[in-house]
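Below is one structure, written out as structure tokens; the observations come after it.
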Amino acid sequence: MPRSFFSRDTCSVAQALLGCKLVRVLDGARLSGIIVETEAYIGEEDLACHARAGRTPRTEVMYGIAGYSYVYFTYGMHWLLNVITEGEGFPAAVLIRALEPKEGLDVMRERRGFQAGNLLCSGPARLTQALGIAAEENALDLCSKSSGLWIEGGPAIPDDLVFRGPRVGLGRTPEPWHSIPWRYLIQGSPFVSKIPSQAKKIDASHHLTRG
DNA sequence: AGCACGATTAACT
DNA sequence: GTTAATCGTGCTC
């Protein structure tokens, strides 16, 4: 996708990424999957966003150019993939949380330990393991195929098929950030990481504005 | 220099 | 339902 796709409001990007195809070239093999679940992390005020700590060596890429990758290490063993959004100088990103595998499933199964079912790419750390995404894939330009990692367009997902809910795994993150519905997924997809117990209506009080 | 914790997962009871 | 695995990061002393 062109840079302009990522250089806009993070929630719009998070929703628009649903249905797009994430492509990875690994050792000459093409691996891909349809993005079915994302989350938005927006600015220093969002206490769930790593940029809450301001500019640090780790968060520097979040302040950079939209369309670049932000890959970070967590829980002592997992790598998670984000795409930077909005304008240069404003730290925001979309976390890719789940894919519906499309190409290179044999390679993915091998990398994942031949696990069965829909668990190949259904989770932010599962998909990075399946696609071979780690430290070396941080700060790559996903608008360029030379990075070996990019995003292709897909059919737009109708609004009534998009579920919004609270982000996952936020632990002790305080309100309103804990409950703000910045998680997006394709309703009914068996490839999402966790199926929400119920569709949560979008609460106007959670619709925060910023200058 | 030391510490608490994490945008998770797999394997348990 | 619970918990171990495992270490970079940012914060406090």
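Sequence lines set the chain letters: A, B, ... in the order given, protein chains first and strands last, and positions in each chain run from 1.
- For A:Val168, the listed nucleotide lying nearest its side chain is B:dT8; candidates were B:dT8, B:dA10, C:dG10.
- At the phosphate of C:dC11, neither OP1 nor OP2 sits under 4.0 Å from any side-chain N or O atom of A:Arg52.
- Using a 4.0 Å cut-off between charged side-chain N and carboxylate O, A:Glu103 and A:Lys21 make a salt bridge.
- In this model, the phosphate group of B:dA10 is approached by a side-chain N or O of A:Arg126 to a distance below 4.0 Å at OP1 or OP2.
- If you check every strand for non-hydrogen atoms under 4.0 Å, A:Thr56 touches sugar and phosphate atoms only.
- Backbone-only contact: A:Gly169 has heavy atoms under 4.0 Å from sugar-phosphate atoms and none from a base.
- Distances shown here put every side-chain N or O of A:Arg172 at or beyond 4.0 Å from the OP1 or OP2 atom of B:dA4.
- Stacking of A:Arg167 on the aromatic ring of A:Tyr41 is recorded, both the 6.0 Å distance cut-off and the 45° axial limit being met.
- For B:dA7, the OP1/OP2 oxygens have a side-chain nitrogen or oxygen of A:His50 closer than 4.0 Å.
- Residue-level contact check: A:Ala125 touches the backbone only, with heavy atoms under 4.0 Å from sugar-phosphate atoms and none from bases.
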Heteroatom pairs (N/O) under 3.5 angstrom, protein to nucleotides 6-8 of chain C:
{"from": "C:dT6", "atom 1": "O3'", "to": "A:Gly76", "atom 2": "O", "distance (Å)": "3.4"}
{"from": "C:dT6", "atom 1": "O2", "to": "A:Tyr75", "atom 2": "O", "distance (Å)": "2.4"}

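- Ring-base stacking between A:Tyr41 and B:dA7 is satisfied, the centre separation being under 5.5 Å and the plane angle under 30°.
- Side-chain contact, A:Tyr63 with A:Glu44: a donor N or O sits under 3.5 Å from an acceptor N or O.
- At least one test fails for A:Arg3 against the ring of A:Phe5: distance under 6.0 Å to the centre or angle within 45° of the axis.
- Using the Watson-Crick or G-U wobble rule with both distances under 3.5 Å, B:dA7 pairs with nothing in any strand shown.
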